[in-house]
Amino acid sequence: MPWRKPQPTLSDSDFQRFRLLILERTGLMFDHKRRAAVAQALTEGAHQVGDPSLERYFNLLSASPTDGPIWEPLISTLTVNESYFFRDAEQIEVLRRCLLPDVIARRQSQRRLRLWSAGCAGGEEPYTLAILLHQLIPDLERWDALILATDIDRQALQRAERAAYRDWSFRNTSAAIRQSYFNDNGDCLELHSHLRRLVKFAYLNLAEDAYPTPSDPLLSGLDLILCRNVTIYLPEPVIHAIAGRFYQSLASGGWLMVGASETNDQRYHPFQAVNLRGITVYQKAGKMAEIPGRTVRPVRPPLEEATKETGEAKREAPGRGDLPNTAPPSSPPMIPKVVPPNAAALYREGEDWLRQRRLADARRCFEACLSQEPGHSAACQQLARLEANAGRLAEARRWVEQALEREPLRVESHYLLALIKQEQGEIEPAAAQFRKVIYLEPGFILAHVHLGDLYQKLGQSAAAARHRAQAVGLGGRLPSDTLLPGSDDLTVGHVLALLRNTPGY
Ligand SMILES: C[S@@+](CC[C@H](N)C(=O)[O-])C[C@H]1O[C@@H](n2cnc3c(N)ncnc32)[C@H](O)[C@@H]1O
């Protein structure tokens, strides 16, 4: 139940044809839940090309290349560039302790490394790789090391080139790293130039481009590809095709790491899935390094390929026809010991389903989590959100109150309860609840926004203006594409634009 903003409208037929066009060109898939976001982006995009007619905007987009200036602002609005340094501590440890030491050992004699961050957003991920290389290779300046970083969003690439970051990008980074590798210029932190030089940024549309090409040595013989938190926005056939191209781009024995919620063995055939310290990564068959704790399982081919040797499904699978035919791995598959998942694992699985917007699966996991651990307040909170988003406010309220019973200082539960009360018309109690949120977390931007609205309703204009000004002040310190806690897809930029258009602000 997010903050309600005035939405531009989009007819059913416009939504269908625009989303098909966007899907064909970028691989980005938008379901009905994101219709309002698409409508907003199209309205802005049409405005930017100087003609508000959606009809003519559609024709213009259809006739323009995806990598050109007509598509650029639209892609920039539609993509989610959320990223931060050292994202996902467990995966970073696998990179630091297993994958990078492995590729460094293999390349010791040539002193040549080629890494690729595909879907690099604002650059935090490739620069994290640069810092890790600096920590792991004492004579790095004598190596020919290159980290290629690509994205479909040119505006994100421009930000990445600047290598200047605000606090929010360091939410998982120690003070020691900030001090050792960044200059503080007062407003933001700038990465040291010797590390910036390791990274080369380029536009690349993973869904569209025919890479690797023999003429592009940058995208072949690679040692490691990171493609994390990118494919959650792409449809399955596109992901499958991308996986095939990654396979071709890697040197034998090279590694692919995808986001923790994106691992799926069928998609990544013919890679070998390897478990390192509890994290699944994929390896192109080749000479295997000895990494302690490593377990290997072959990736099964997708069902249609396994069962239909020569059928249409195999021939039509995009991007797969030219894949090398790898022999099955010599080591037998590990037979996993079956143990019932614990509450924490069920909760994480529920979160993964949520990221993929598979709400029924998410609900099943959170309920199973609660049956294992009845007091799991985060699971209660998730069920409350699911109910609230489905409009079942009474159920949502019961769940959120249970969450608060277990964890009385849980800010997001207070926030959700405040939204529910507001929705149920309990204006004063809702305002009191939002005040609790702000008491617990003074920087909670959306609580200030809502409190501003409620005070306005109550006729208290001065208090309303004060909270809106606080929201603007807090938002002004964050990058505009920062996703706001308490919302699913609302960014700081959206809220600031809305507040500035609020009468009386
Ligand atoms: C959520 S960010 C992930 C950033 C980084 N990999 C991380 O995990 O922190 C996803 C990025 O994928 C990019 N992206 C989405 N579709 C793409 C495509 N078809 N080709 C290239 N990049 C794409 C988006 O522009 C966005 O910057």
Side-chain angles (χ1 to χ4, degrees), residues 19 21-30 34 37 41 65-67 71-92 94-95 115-132 147-161 165 168-173 199 201-211 219 224-243 245-246 249 256-263 279 281 318-319 352 355-356 479-483 488-489 491:
R19 78 172 175 159
L21 179 64
I22 294 166
L23 177 64
E24 272 168 25
R25 295 298 195 89
T26 66
L28 292 167
M29 188 165 56
F30 295 95
R34 303 198 62 204
T66 323
D67 59 355
W71 277 87
E72 181 187 320
L74 179 64
I75 287 177
S76 197
T77 314
L78 289 175
T79 48
V80 177
N81 305 126
E82 173 72 357
S83 189
Y84 49 94
F85 286 95
F86 293 85
R87 182 175 192 169
D88 191 332
E90 287 167 351
Q91 287 198 329
I92 294 293
V94 167
L95 284 168
L115 317 181
W116 178 15
S117 160
C120 64
E124 291 93 336
E125 182 178 270
Y127 288 139
T128 298
L129 281 175
I131 294 172
L132 289 171
I147 301 160
L148 180 67
T150 62
D151 203 282
I152 194 176
D153 181 352
R154 287 185 193 278
Q155 295 179 16
L157 290 169
Q158 281 165 14
R159 288 197 298 278
E161 297 265 12
Y165 297 93
W168 194 238
S169 293
F170 297 99
R171 54 193 183 273
N172 204 31
T173 312
V199 184
F201 290 98
Y203 171 94
L204 189 141
N205 179 352
L206 288 168
E208 194 175 61
D209 291 356
Y211 55 90
L219 286 175
L224 167 74
I225 300 175
L226 294 194
C227 185
R228 301 188 303 156
N229 309 302
V230 177
T231 62
I232 33 181
Y233 309 109
L234 306 177
E236 200 60 39
V238 176
I239 303 173
H240 199 47
I242 292 172
R245 294 195 206 111
F246 283 164
S249 295
L256 166 66
M257 177 182 269
V258 299
S261 66
E262 295 163 298
T263 55
I279 297 289
V281 290
D352 287 347
R355 274 190 282 274
Q356 296 171 49
S480 67
D481 62 353
T482 306
L483 280 175
D488 289 335
D489 59 0
T491 63

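Counting begins at 1 with the first residue of the sequence. Atoms within each ligand, like the ligands themselves, are counted from 1 in listed order. Computed from a predicted structure; not experimentally measured.
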For ligand 1, which atoms, with element, lie under 4.0 Å from some heavy atom of [X]?
{"X": "R228", "value": "3 (C), 5 (C), 6 (N), 7 (C), 8 (O)"}
{"X": "L204", "value": "20 (N), 21 (C)"}
{"X": "E125", "value": "5 (C), 6 (N), 7 (C), 8 (O)"}
{"X": "N205", "value": "18 (C), 19 (N), 20 (N)"}
{"X": "A121", "value": "4 (C), 27 (O)"}
{"X": "E82", "value": "1 (C), 2 (S), 3 (C), 4 (C), 9 (O)"}
{"X": "T79", "value": "24 (C), 25 (O)"}

Identify the protein heavy atom lying closest to [atom], giving its residue, its atom name and the separation to 0.1 Å.
{"atom": "atom 25 (O) of ligand 1", "result": "D151 OD1, 2.6 Å"}
{"atom": "atom 8 (O) of ligand 1", "result": "N229 ND2, 2.8 Å"}
{"atom": "atom 2 (S) of ligand 1", "result": "V80 O, 3.3 Å"}
{"atom": "atom 9 (O) of ligand 1", "result": "S83 OG, 2.6 Å"}
{"atom": "atom 14 (N) of ligand 1", "result": "I152 CG2, 3.8 Å"}
{"atom": "atom 19 (N) of ligand 1", "result": "T26 O, 2.9 Å"}
{"atom": "atom 7 (C) of ligand 1", "result": "R87 NH1, 3.3 Å"}
{"atom": "atom 20 (N) of ligand 1", "result": "L206 N, 2.9 Å"}

Before giving the answer on side chain to side chain donor-acceptor pair (under 3.5 Å), spell out for N205 and T66 the whole-Å C-alpha distance, their side-chain angles and the decisive distance to 0.1 Å. CA-CA 9 Å; N205 179 352; T66 323; 4.9 Å; no
Would you compute the distance between atom [atom1] of [X] and atom [atom2] of [Y] and round it to the nearest 0.5 angstrom?
{"X": "C227", "Y": "L234", "atom1": "SG", "atom2": "CG", "value": "8.0 Å"}
{"X": "L148", "Y": "I225", "atom1": "CG", "atom2": "CD1", "value": "9.5 Å"}
{"X": "M257", "Y": "T263", "atom1": "CE", "atom2": "OG1", "value": "11.0 Å"}
{"X": "I152", "Y": "I75", "atom1": "CD1", "atom2": "CD1", "value": "4.0 Å"}

Are any of the N/O atoms in [X] less than 3.5 Å from those in ligand 1?
{"X": "N81", "result": "yes"}
{"X": "D153", "result": "no"}
{"X": "G119", "result": "yes"}

Within the distance-only criterion (no hydrogens, no angle test), does the side chain of E124 pair as donor or acceptor with the backbone N or O of F86 below 3.5 angstrom?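 Checking the backbone N and O of F86 against the side chain of E124, no donor-acceptor pair under 3.5 Å is found.
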For E125, side chain to side chain contact (heavy atoms under 4.5 Å, CB included) partners two or more places apart: S117, L226, R228
Heavy-atom closest contact (A41 atom, T77 atom, distance):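 Looking at all heavy atoms of both residues, the shortest contact is CB-CG2, 3.8 Å.
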R154 NZ/CZ over Y203 ring centroid, <6.0 Å and within 45° of normal: yes
So is A156 touching ligand 1 or not, going by heavy atoms under 4.0 Å?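 Per 4.0 Å heavy-atom rule, A156 does not contact ligand 1.
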If the test is side-chain contact (heavy atoms from CB on, under 4.5 Å), which one of V199, L95, L224 qualifies with L115?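 Of the listed residues V199, L95, L224, the side-chain contact (heavy atoms from CB on, under 4.5 Å) partner of L115 is L224.
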Report the relative orientation of the aromatic rings in F201 and Y127; use parallel for angles under 30°, tilted for 30 to 60°, perpendicular for over 60°. perpendicular
